[in-house]
Amino acid sequence: MTENVDVVVIGAGAAGLMCAAEAGKRGRSVRLLDHGKKAGRKIIISGGGRCNFTNMYAEPANYLSQNPHFCKSALAQYTQWDFIAMVDKHGIAYHEKTLGQLFCDDSAHQIVDMLLKECDDAGVKVQLRTEILGVEKLDNGFLVKTSQGELACTSLVVACGGLSMPKLGATPLGYQIAEQFGLNVLPTRAGLVPFTLQPEQKEVLAELSGVSVDSYATAKDGTGFKEALLFTHRGLSGPAVLQVSSYWQPGEAVTFDLSPQESLIDWLLEQAKTQPQLTLKNALARKFPKSMVEAWIKLHQLPNPAIGQLSNKLREQLNTVLHQWQVIPSGTEGYRTAEVTLGGVDTNGLSSKTMAAKNVDGLYFIGEVVDVTGWLGGFNFQWAWSSGWLAGQYA
Ligand code: FDA
């Protein structure tokens, strides 16, 4: 037996929950489907369990897309302040951690509960543990075949996310539906993801696992981020690395300034005025963890003279390895640990005013499945809320 509803939303993640609630508020009968046993699984684990749900400074410049203008309309129509107002309405306490990033004081579960309450109040039926077996076009809408039966709908919203973290339910279904209906899908790759290193570097730097230092990381195209760099037993991570990874292509170098605030050469020369006998190693240990100084000396085969006797050549070498440390990662940790998927449904095939497919009436794509990817810091959820809200006004 086929059930009839106005709207089917595939994917009860951030974008799907928002869209379903909004469409329900317009009086549409909405079915929100997910193959998982819980809604909003990525929300729950995000931000270390506290969900960095938006960023106070979110703007189009914080997003990557083949068409950087596409995200403007959604972000302007449903802003971070609109989402913050919803969080306030539900009495959820939050704080700014850094750089405009807003986190729940207590738990990310509060954000999922809030969205489920909005869905419930709007009469949305959330149907979990439901496999999507196929989608067909009908004269006046779509037929969605599932493991729990068939649903006919006039609007179909695809909100099933990207490929990152398959263990949390990520599948390529959204891209497959796009292709089935003739939309172009741009190549995908892991974003906001740690780098792996070449064996020689990995061996030396693995000793630094857990060490974090300030840095300014720059990609080949010049995009840079001043954030922490974290050494891990697999390679490089931390916010600076995650951010720059979205701008990285295999084979390219990433440059790290390990003292973005201050010239270390000037500082060493200053120190040499009062303590010329101090060794380079001991001097640098005043600025960096000792283990890092040891590893740096080993990795770059630096001598260890008294700082009163630094040659011009050594100064230049120090400048290079400390302020312009170039790394060619061997790769990334891939979708297993990536926070997001770059690429996806080509925005050329979508209306930025409604998120609807231009060539198929009633078909919408929202959230991460679309070729719009935010920086680290709450920007990806804001895109999910904004694009989900927008489609919810039309689906
Ligand atoms: P999302 O992935 O949330 O939802 C897709 C839904 O579709 C899932 O529920 C999935 O089960 C379902 N689905 C997939 N395939 C299906 C199929 N075949 N059949 C049925 N259902 C299917 N962003 C941010 O702004 N702040 C943060 O703090 C974090 N933190 C963070 C931590 C970690 C570990 C990760 C992996 C990611 C983040 N992110 C983040 C990114 C953020 O989670 C992501 O951008 C949004 O969840 C995307 O929302 P969507 O609704 O598009 O997809």
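Just so you know, ligand 1 is whichever comes first in the structure, and atom 1 is the first atom listed for that ligand. Owing to the predicted nature of the structure, the values given are computational and were not obtained by experimental measurement.
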Practice problem: Using modelled atom types only, decide if a donor and an acceptor are shared between the side chain of Asp371 and the backbone of Val345 within a distance under 3.5 Å. | Solution: no
Quiz item: What about Phe381: any of its N or O atoms under 3.5 Å from an N or O on ligand 1?
Solution: yes
Exercise. Would you mind listing which atoms of ligand 1 come within a distance below 4.0 Å of any non-hydrogen atom of Ala159?
Key: 5 (C), 6 (C), 7 (O)
Quiz prompt | Option from Val144, Thr2, Asn4 for which side chain to side chain contact (heavy atoms under 4.5 Å, CB included) with Glu150 holds | solution = Thr2
Self-check item: Identity of the nearest option to atom 15 (N) of ligand 1, non-hydrogen atoms only, from Thr171, Leu168, Val9
Solution: Thr171
Quiz item: Nearest protein heavy atom to atom 14 (C) of ligand 1, by residue and atom, and its distance?
Solution: Gly169 O, 3.3 Å
Quiz item: Which protein heavy atom lies closest to atom 1 (P) of ligand 1, and at what distance to 0.1 Å?
Solution: Gly13 CA, 4.1 Å
Quiz item: Which of the atoms in ligand 1, numbered in the order shown and given with their element, are less than 4.0 Å from a heavy-atom of Ile45?
Solution: 34 (C)
Practice problem: Report, in ascending order of atom number, the atoms of ligand 1 lying under 4.0 Å from any heavy atom of Gly47. | Solution: 28 (O), 30 (N)
Quiz item: Short question: side chain of Asn304, backbone of Leu280 - any donor-acceptor pair under 3.5 Å?
Solution: yes
Quiz item: Nearest protein heavy-atom contact for atom 50 (P) of ligand 1: which residue, which atom, what distance?
Solution: Ala15 N, 4.0 Å
Practice problem: Within a distance under 4.0 Å of any heavy atom of Ala14, pick out the atoms of ligand 1 and give their elements. | Solution: 3 (O), 49 (O), 51 (O)
Quiz item: Out of His35, Arg129, Met18, who gets a non-hydrogen atom closest to atom 13 (N) of ligand 1?
Solution: His35
Quiz item: Of the choices Gln176, Glu368, Lys38, Glu339, which has the non-hydrogen atom that lies closest to atom 32 (C) of ligand 1?
Solution: Glu339
Quiz item: For atom 26 (N) of ligand 1, what is the nearest protein heavy atom, given as residue, atom name and distance?
Solution: Asn52 O, 2.9 Å
Quiz item: Which heavy atom of Ala217 sits nearest a heavy atom of Phe256, and at what distance?
Solution: CB-CE2, 3.5 Å
Quiz prompt | Salt bridge flag under 4.0 Å for residues Glu59 and Lys72 | solution = no
Quiz item: Under 4.0 Å from any heavy atom of Phe379, which atoms of ligand 1 are there?
Solution: 25 (O)
Quiz item: Ring centres of Phe288 and Trp296 under 6.0 Å apart?
Solution: no
Quiz item: Hey, which atoms in ligand 1 end up nearer than 4.0 Å to a heavy atom of Gly367?
Solution: 52 (O)
Quiz item: With only distance considered, is Arg41 within less than 3.5 Å of ligand 1 through an N or O on each side?
Solution: yes
Quiz prompt | ligand 1 versus Lys42: contacting region, heavy-atom distance under 4.0 Å | solution = side chain
Exercise. Could you check atom 30 (N) of ligand 1 against the protein and tell me its nearest heavy-atom contact, residue, atom and distance included?
Key: Ser46 CB, 3.2 Å
Quiz prompt | Ala170 to ligand 1, any heavy atom closer than 4.0 Å | solution = no
Practice problem: Say whether Leu173, considering both its backbone and side-chain N or O atoms, lies within less than 3.5 Å of an N or O atom on ligand 1. | Solution: no
Quiz item: Do Gln382 and Ser386 meet the criterion of a side-chain donor-acceptor pair at a distance under 3.5 Å?
Solution: yes
Quiz item: Is Lys137 positioned over the aromatic face of Phe142, cation under 6.0 angstrom from the ring centre and no more than 45 degrees off axis?
Solution: yes
Practice problem: Sort out for me which residue in Tyr94, Phe103, Trp385 forms a ring-ring contact (aromatic ring centres under 6.0 Å, His included) with Phe53. | Solution: Tyr94
Quiz item: Short list, please: which atoms of ligand 1 are under 4.0 Å from a heavy atom of Met165?
Solution: 34 (C), 36 (C)
Quiz item: To which of Cys160, Gly161, Ala58, Pro166 does the heavy atom nearest atom 53 (O) of ligand 1 belong?
Solution: Gly161
Quiz item: Are Glu339 and Lys42 ion-paired here, with the side-chain N under 4.0 Å from a carboxylate O?
Solution: no
Self-check item: Side-chain donor/acceptor of Gln80 to backbone N/O of Met56, under 3.5 Å
Solution: yes
Quiz item: Is the closest basic N to carboxylate O distance between Glu316 and Lys313 below 4.0 Å?
Solution: no
Quiz prompt | Identity and separation of the nearest protein heavy atom to atom 12 (C) of ligand 1 | solution = Asp34 OD2, 3.2 Å
Self-check item: Worked verdict on Glu22 versus Arg28 for salt bridge (Lys or Arg N to Asp or Glu O under 4.0 Å)
Solution: CA-CA 9 Å; Glu22 285 302 312; Arg28 304 279 277 164; over 6 Å; no
Quiz prompt | Worked check of salt bridge (Lys or Arg N to Asp or Glu O under 4.0 Å) between Lys117 and Asp121 | solution = CA-CA 6 Å; Lys117 171 92 173 56; Asp121 290 350; 2.9 Å; yes
Quiz prompt | Which of the ligand 1 atoms, numbered from 1, are nearer than 4.0 Å to a heavy atom of Ile132 | solution = 19 (N), 20 (C)
